[in-house]
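Numbering starts at 1 and runs along the sequence shown. Please read these numbers as outputs of a predicted model, since none were measured by experiment.
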Amino acid sequence: MTLQECYAAMGGNYEDAIGRLRSERLVQKFVLKFLDDGSYHLLCRSLEEKNYPEAFRAAHTIKGVCQNLSIDKLQSSSSRLCESLRNGYTPEADNLAEEVAADYQLTVSAIQAFQKESAG
């Protein structure tokens with residue numbers, strides 16, 4: 001799997017990422033670092049604990065990281081969740097959190113597949 005195929009699999013925009021970071025090497029470096037980012041786990045824990053200000057910050061971080069890397073699908077869902085949590089809990093947050101979870105798993109699966117194929 002190429003990096004471009006990884007972007008297609010996760011619903012990202014490869015050309016935008018290259019345009020922003022100027023080299024495939026840098027895009028690859030930061031995409032692989034995405035796997036180590038703890039923001040999603042913080043989001044889940046914060047929602048479970050009903051700590052909505054912390055959940056908002058975690059969703060905002062995910063949105064920003066995805067925006068910088070042009071991971072559009074996850075950026076879009078995390079942005080909607082972020083706005084839903086901006087002023088505390090809203091009933092739509094639960095459905096949006098499920099959408100973020102699905103998009104996050106899609107993203108991680110694509111990156112892991114890319115990582116596995118590029119390592120071997």
Met1 vs Lys116, side chain to side chain contact (heavy atoms under 4.5 Å, CB included): CA-CA, chis, key distance, verdict: CA-CA 9 Å; Met1 170 182 281; Lys116 181 179 177 184; over 6 Å; no

Check: Ser78 side chain, Gln75 main-chain N or O, donor-acceptor pair, under 3.5 Å: yes

Euclidean distance, Glu92 CD relative to Leu85 CG, rounded to 0.5 Å: 9.0 Å

Gln115 side chain to Gln112 backbone, donor-acceptor under 3.5 Å: no

Spacing of Leu3 atom CG and Arg25 atom CZ [to the nearest 0.5 Å]: 13.0 Å

Working for side chain to side chain contact (heavy atoms under 4.5 Å, CB included), residues Ile111 and Cys6: CA-CA 6 Å; Ile111 295 170; Cys6 174; 4.1 Å; yes

Parallel, tilted or perpendicular, as decided by the 30° and 60° cut-offs, for the rings of Tyr89 and Tyr52: tilted

Reported CG-to-CG distance for the pair Asn68 and Asp16, which is rounded to 0.5 angstrom: 12.0 Å

Lys73 versus Asp103, closest heavy-atom pair with distance: CE-OD1, 3.2 Å

Connected via hydrophobic side-chain network under 4.5 Å: Leu43 and Leu106: no

Distance (rounded to the nearest 0.5 Å) between Glu15 CD and Asn13 CG: 5.5 Å

Same apolar cluster (I L V M F W Y, side chains within < 4.5 Å links), Leu32/Phe34: yes

Side chains of Ser84 and Arg80, donor plus acceptor under 3.5 Å: no

Heavy-atom check, side chain of Tyr7 versus side chain of Asp72, under 4.5 Å: no

Shared hydrophobic cluster, Leu42 / Leu35 (ILVMFWY, side-chain heavy atoms < 4.5 Å): no

Full working for side chain to side chain contact (heavy atoms under 4.5 Å, CB included) between Met10 and Phe114: CA-CA 11 Å; Met10 66 184 172; Phe114 168 71; over 6 Å; no

Salt bridge Arg45-Glu48, side-chain N to carboxylate O under 4.0 Å: no

Evaluation steps, side chain to side chain contact (heavy atoms under 4.5 Å, CB included), between Arg86 and Glu83: CA-CA 5 Å; Arg86 184 172 293 281; Glu83 290 310 310; 2.6 Å; yes

Considering all heavy atoms, the nearest Ala55-Ser46 contact: N-CB, 3.5 Å

Spatial distance of atom CG (Leu21) from atom CD (Gln28) [nearest 0.5 Å]: 12.0 Å

Within-4.5 Å side-chain heavy-atom neighbours: Leu47 and Glu49: no

Side-chain donor-acceptor pair present, Glu24, Tyr14, cut-off under 3.5 Å: yes

Distance-minimising heavy-atom pair for Ala58 and Ser39: CB-O, 3.6 Å

Residue pair Tyr40 / Val100: nearest heavy atoms and the distance that separates them: CE1-CG1, 4.2 Å

Nearest-0.5 Å distance that lies between atom CD in Gln67 and atom OG in Ser76: 11.0 Å

Non-hydrogen atoms of Ser70 and Ala17 that approach each other most closely: OG-N, 3.4 Å

